[in-house]
Each structure stands twice: as structure tokens, then as C-alpha cells.
Amino acid sequence: MISRRQVMTGAAALGLLPGGAALARTPDMDSALDAAFATGGAPALAGMVVGPDGPLWTGARGVRQAGGGDAVTADDLWHLGSNTKAMTAALYGRLVDQGRARRGATLSELLPDVTMDPGWRAVPIEAVMGHVAGLADDTAMGRAWLMTARDDPRSLVQQRRSLMQAMLAVPPAGTPGTFAYANANYVLLGAVIERITGQAWEQAMQAEVFVPLGITTGGFGAPAGDQPRGHRGGVAVNASDPGSDNPMAMGPAGTVHMSLSDYGRFLSVFLNDGAGWLTPASLSVLTTAIGSGSPPYAGGWIVPPAQPWARGPALTHDGSNTMWYVSTWVAAGLGRAFVAVSNDAEKGRQSCQRLIPGLIRAI
């Protein structure tokens, strides 16, 4: 899963765009894609520009797997990695809007039947979303768990509940209120969502995110079938390989895949003041940095200082399961979102982070 270093690298990528030149035009977005693809060496690179009504442009270059002859298309499925987090946080916001959850609810209120260390009882759920609750992956999701989790015969709901209980049984590992990126935060949030809805997080995502937003290609884990493959060490990893994704219990932190166009439907929510799917109040909570530390972090989004090119505040996040890479920027003041994805995290990261400024210059 994406590291804190990668999160901060992605947030800094647009430092290449000085305010005066931010919106200078280049020939077109296809040229920007060609230039970024030519430099990275990844099997494939794709990009998208989103407007308030959905995708305005998509493009793809390369092949579905290294050494293969099947070209990728803009309609293929891409693994979103940790950019799943914004979807999980938005799902909680939707439950708030439905009156099934509450803003500012504490862990003791949300999980009254869970035995927890006193240090957790007054922690609001927004602190969990913002990685400022004091959680650390090593508490329950360290190397030993990663090596055995795929063989756990229990349901995903049971697995997440067990992880949540282990996390909360001990005092905070970090300093509450200070940013410390950990996938554990979103596994815990997923377990809370499961308790509220009575459904597995995957079912709740389908019911409350995919269906109402018209997302028809959304799924979990590595895309299967006639689709691009993620790559490890330059070698394609088949979706049937247990190591093609992180353990599925980590789903709320980063296992969603979908087409670019469907991802654009989700991103357009942040260009439309909630688009009737979220209330403006919930959208504001999800896009306002929580706690302190660097980078400022909200509900699944980094919130960098106001960007001149963005005509105001922006949101950004990079995601990777070590085999895929995605980089996303959202600029509500500009009315645009920008996405770059690759099926090779190692070779594609630089290309993704080069493509985003190229697309911005091309609008």
C-alpha cells in the first residue's frame, strides 16, 4: 500500500507549475499523454480530465501486460489503491446524510460493545479519517499479519472486526492529533461502516456509492478477465494470484478498481458541491484538513495549500498496492479533476506524476 513518503511526493508534484504559467496551453492532452508515457517505461499509462458533468477526456497508451500485444484502452479497469480511502470516507458521509451516522461521533459511541483502551474512547471518527487518531499499522497489521491474512477462513466482516478489536485494545501507538499515515485507520473506518449498515464494506460500497453514482464497473481486488495486469519487478501478476493485491480485509483502505469514466463519476461529486449525492455540509467535512502535521489530510484527501493554477484549494492523493499506481488532483475552483494511472507502480509512478501537470497545462 502507498507509504507516507509517496503521499508527500504526490502532494509536491505540482510544485513544477508556477502560478504565472499554470494554465499555459500545450497542443493537446494526447500529446501530454504521449510525452509522459515515453519517459517512464511502464507497460501502460492512461489519463483523464473530469468536469462537473463527468469525464471530458480520456486516453491510454501501452499494453495490458509487459511483453504482450493487447493494447490498453480508456475503457479498461484500473486499480485505485489508496485512492479508495476517499470513497470509504465519502460512504461514511453519506450515512451521516441519511441519519444513520453522526458527525463528530466518538469511537466509544460508534462501538459501544467493543472493549477499548481509555485513550480511544473520546476519539472522533473524523480523526480516524484524517490519520490523526494515533493508529499504527504495526499494532495489528504488521508483517506477520500480512503473511497470513490471505489464508484467514473467516468472513471479511469478522476479519475487520478482529483487527479493529486488536487496534483498540491497546493505547494509541502515535500522538493523537498529529498526522501519521496508516491503512489501519481506514480498516477501522470500514469496520465502523459494517457495524452501522449490517453489511460487508463491499456491499455497502455497492449500495451507497457505486449504484447511486451510476458506477457499473466498480469491483474489488485486481481486475480479472480480459483486463490490464499489475506488475511486480516488471513481471505481470495474474489476478488469480493471491499476491495480486493486498489482503482483502484491507479493502476500505485500498482495493477498489473501476474504469476511468466511472472514477470520473465519483470525482465529479467534488466539483458539484456533493452533486446531490452528498450534502454540502458533509462534503465540507470530507475536504477540510483534520488535526495537525504534514501533509494536511482530510477524508481520504491531502489538502495542500491553495494552488494558483487551481484557482483556490485543491485535493490530491496517490495510490498504489505496489503493482499499480494512480495520481489524482481535484480543483473545484477550476471545475476540473485530473487523473493518471499505470499498471506498474515502480515504472509508472514518475510517468503519472509527469502526466498530471501536462494535462493541466493542456486545458
[X] [atom1]: over 12 foreign heavy atoms closer than 6.0 Å:
X: Gln199; atom1: CD; value: yes
X: Arg100; atom1: CZ; value: yes
X: Glu346; atom1: CD; value: no

Kindly indicate whether the side chain of [X], heavy atoms from C-beta on, has any atom under 4.5 Å from the side chain of [Y].
X: Trp329; Y: Gln307; answer: yes
X: Pro252; Y: Leu188; answer: no
X: Val326; Y: Cys352; answer: no
X: Thr88; Y: Met129; answer: no
X: Asp318; Y: Ser82; answer: no
X: Trp145; Y: Leu163; answer: yes
X: Val256; Y: Phe210; answer: yes
X: Met29; Y: Ile363; answer: yes

Does Phe270 have its ring centroid less than 6.0 Å away from the ring centroid of Trp301? yes
Using atom types as modelled and distance alone, determine if a side-chain donor or acceptor of [X] lies under 3.5 Å from a backbone N or O of [Y].
X: Thr139; Y: Leu135; answer: no
X: Arg94; Y: Glu208; answer: yes
X: Thr255; Y: Met248; answer: no
X: Thr288; Y: Val285; answer: no
X: Asp262; Y: Thr217; answer: yes
X: Ser244; Y: Asp241; answer: yes
X: Glu126; Y: Gly104; answer: yes
X: Gln159; Y: Arg154; answer: yes
X: His231; Y: Ala66; answer: yes
X: Trp78; Y: Tyr325; answer: no

Might you work through the side-chain contact (heavy atoms from CB on, under 4.5 Å) test for Trp309 and Arg336, ending with a clear yes or no? CA-CA 11 Å; Trp309 66 266; Arg336 296 290 184 268; over 6 Å; no
Do the rings of Tyr181 and His317 sit parallel, tilted or perpendicular, given the 30° and 60° boundaries? tilted
Give the minimum heavy-atom separation between [X] and [Y], together with the two atoms involved.
X: Ser327; Y: Gln353; result: OG-CG, 4.5 Å
X: Arg232; Y: Gly243; result: NH2-O, 2.7 Å
X: Ala204; Y: Ile193; result: CB-CG2, 4.2 Å
X: Ala127; Y: Asn185; result: O-OD1, 4.5 Å
X: Gly300; Y: Tyr186; result: N-OH, 2.9 Å
X: Ala207; Y: Pro212; result: O-CD, 3.3 Å

Considering residues at least two apart in sequence or located in another chain, which fulfil the side-chain contact (heavy atoms from CB on, under 4.5 Å) criterion with His257? Leu77, Pro223
So, [X] and [Y]: side-chain donor and acceptor under 3.5 Å apart, yes or no?
X: Ser31; Y: Asp34; answer: no
X: Asp75; Y: Thr73; answer: no
X: Ser108; Y: Thr106; answer: yes
X: Asn238; Y: Gln65; answer: no
X: Asn246; Y: Asn321; answer: no
X: Thr328; Y: Tyr263; answer: yes

Please walk me through it: do Met141 and Met167 pass side-chain contact (heavy atoms from CB on, under 4.5 Å)? CA-CA 9 Å; Met141 296 168 52; Met167 294 172 196; 3.7 Å; yes
Lys/Arg N to Asp/Glu carboxylate O, [X] vs [Y], below 4.0 Å:
X: Asp226; Y: Arg64; value: yes
X: Asp30; Y: Arg61; value: yes
X: Asp344; Y: Arg229; value: no

With a 4.5 Å cut-off on side-chain heavy-atom distances among I, L, V, M, F, W and Y, is there a chain of contacts connecting [X] to [Y]?
X: Val96; Y: Leu278; result: yes
X: Leu95; Y: Val269; result: yes
X: Val157; Y: Ile196; result: no
X: Leu33; Y: Val63; result: no
X: Leu146; Y: Val187; result: yes

Please identify each residue that fulfils salt bridge (Lys or Arg N to Asp or Glu O under 4.0 Å) with Asp53, with sequence neighbours left out. none
Sequence neighbours left out, what passes salt bridge (Lys or Arg N to Asp or Glu O under 4.0 Å) with Arg195? Give chain and number order. Asp113
Can you tell me how far apart [atom1] ([X]) and [atom2] ([Y]) are? Round to the nearest 0.5 Å.
X: Ile356; Y: Thr316; atom1: CD1; atom2: OG1; value: 7.5 Å
X: Met87; Y: Met205; atom1: CE; atom2: CE; value: 5.5 Å
X: Lys347; Y: Thr39; atom1: NZ; atom2: OG1; value: 13.0 Å
X: Thr84; Y: Met250; atom1: OG1; atom2: CE; value: 10.5 Å
X: Asp117; Y: Leu107; atom1: CG; atom2: CG; value: 11.5 Å
X: Arg161; Y: Gln165; atom1: CZ; atom2: CD; value: 5.0 Å

Going through the distances and angles, do Asp97 and Trp277 end up as a side-chain contact (heavy atoms from CB on, under 4.5 Å)? CA-CA 9 Å; Asp97 291 340; Trp277 179 72; over 6 Å; no
Using the rule given for side-chain contact (heavy atoms from CB on, under 4.5 Å), can you reason through Arg102 versus Ile125, listing the C-alpha separation, both sets of side-chain angles and the distance that settles it, and then say yes or no? CA-CA 9 Å; Arg102 184 175 64 82; Ile125 194 63; over 6 Å; no
